[in-house]
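Right, one structure below, let's go through it.
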Amino acid sequence: GQQLNQSPQSMFIQEGEDVSMNCTSSSIFNTWLWYKQDPGEGPVLLIALYKAGELTSNGRLTAQFGITRKDSFLNISASIPSDVGIYFCAGLTNTGNQFYFGTGTSLTVIP
Amino acid sequence: NAGVMQNPRHLVRRRGQEARLRCSPMKGHSHVYWYRQLPEEGLKFMVYLQKENIIDESGMPKERFSAEFPKEGPSILRIQQVVRGDSAAYFCASSPQAGELFFGEGSRLTVL
């Protein structure tokens, strides 16, 4: 199956700092989704991207659909303790029926 | 509008028993996906269904696993003769069309 490489694998940051994480693929995707998962819960959709170059914000979160269509970025500004969790990217190819998920970025925010 | 509903949230089975996991998609959603997640890992695709049809089951093990999404009622993921390696969290997601996935809270299967 498709491989989505997500980095970094984990991050430890101070409250108030900005966070950046990214997802890359060897294949072209036509949809990118970003999720946050808390322990024992299901993933919650944060941002959806449908067009190359698209930049979309949701509160303190901003995500971009890379121009090459092989990558996507998620930024979190002014992090707060409730941002703690695991962030996953997911992508859909134009020929596929399934969303492929990245390996996740574990975020820890130190108050 | 209720979200994706999965039950049971937790299920314990002994080796050799059957596990049935249910998923009711969001209202108006006709696409259902099942994913499996092991601890500290990402989500692995299992199967994609639309009403009464299996569209893509390329992620499903060939034996013991089956899925359905009948015209009426929830989608069912069925695991026969469970083994310890089947212990995992199984997530269902629904979509109105292929575009966005909305996940349920998951069903956590423990095989003793």
Side-chain angles (χ1 to χ4, degrees), chain A residues 1-10 21-25 27 29-51 54 56 58 63 65 72 74 85-108, chain B residues 2-10 21 23-26 29-50 53-61 67 69 88-110:
Chain A
Q2 302 290 345
Q3 189 77 21
L4 287 187
N5 299 307
Q6 195 170 341
S7 66
Q9 187 174 357
S10 62
M21 59 190 77
N22 69 77
C23 206
T24 60
S25 169
S27 301
F29 284 169
N30 63 357
T31 299
W32 284 98
L33 306 177
W34 283 93
Y35 288 87
K36 178 176 183 277
Q37 186 177 27
D38 292 327
E41 303 292 329
V44 174
L45 181 64
L46 300 173
I47 293 180
L49 303 158
Y50 299 106
K51 199 188 311 186
E54 180 181 355
T56 298
N58 178 8
F65 193 140
S72 179
L74 176 69
I86 300 179
Y87 292 79
F88 290 101
C89 61
L92 178 70
T93 66
N94 60 353
T95 58
N97 293 311
Q98 56 175 283
F99 282 85
Y100 297 93
F101 278 76
T103 48
T105 294
S106 175
L107 177 63
T108 300
Chain B
V4 177
M5 304 299 291
Q6 287 190 249
N7 69 85
R9 289 292 306 273
H10 300 274
L21 310 177
C23 170
S24 296
M26 288 178 71
H29 289 194
S30 57
H31 300 238
V32 166
Y33 303 75
W34 285 94
Y35 283 79
R36 172 184 157 123
Q37 186 177 39
L38 293 171
E40 311 297 324
E41 294 189 9
L43 295 114
K44 302 294 185 193
F45 169 80
M46 298 182 73
V47 62
Y48 163 39
L49 312 103
Q50 293 179 24
N53 288 306
I54 296 175
I55 306 302
D56 184 344
E57 56 181 349
S58 58
M60 285 269 274
F69 188 16
Y90 292 85
F91 287 97
C92 170
S94 73
S95 175
Q97 300 174 16
E100 297 177 352
L101 293 184
F102 295 90
F103 281 87
E105 296 294 335
S107 291
R108 280 147 189 85
L109 172 65
T110 301

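Chain letters run A, B, ... following the sequence lines, proteins first and then strands; every chain starts at 1.
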### Residue part contacting chain A, namely of B:Glu41, when any heavy atom lies under 4.5 Å
backbone
### Message
Looking at B:Met5, I'd like to know if its CE atom is crowded, meaning that more than 12 non-hydrogen atoms belonging to other residues, nucleotides or ligands lie closer than 6.0 Å.
### Response
no
### Message
Looking at chain B, which one of A:Ala90, A:Gly102, A:Gly40 has the largest number of heavy-atom pairs inside 4.5 Å, strictly under?
### Response
A:Gly40
### Query
Where is the tightest heavy-atom contact between B:Leu101 and A:Tyr35, given as atom of each residue plus distance?
O-OH, 2.5 Å
### Message
Less than 3.5 Å apart, any donor N or O on the side chain of A:Tyr50 or B:Glu100 sitting next to an acceptor on the other?
### Response
yes
### Query
Taking all atoms of both residues into account, what is the closest heavy-atom pair of A:Gln37 and B:Phe91, and its distance?
NE2-CZ, 3.4 Å
### Task
Given side-chain contact (heavy atoms from CB on, under 4.5 Å), test A:Phe88 with B:Gln37 step by step and report yes or no.
CA-CA 12 Å; A:Phe88 290 101; B:Gln37 186 177 39; 3.7 Å; yes
### Task
Heavy atoms only: give me the nearest B:Phe45-A:Phe99 pair and the separation to one decimal.
CB-O, 4.5 Å
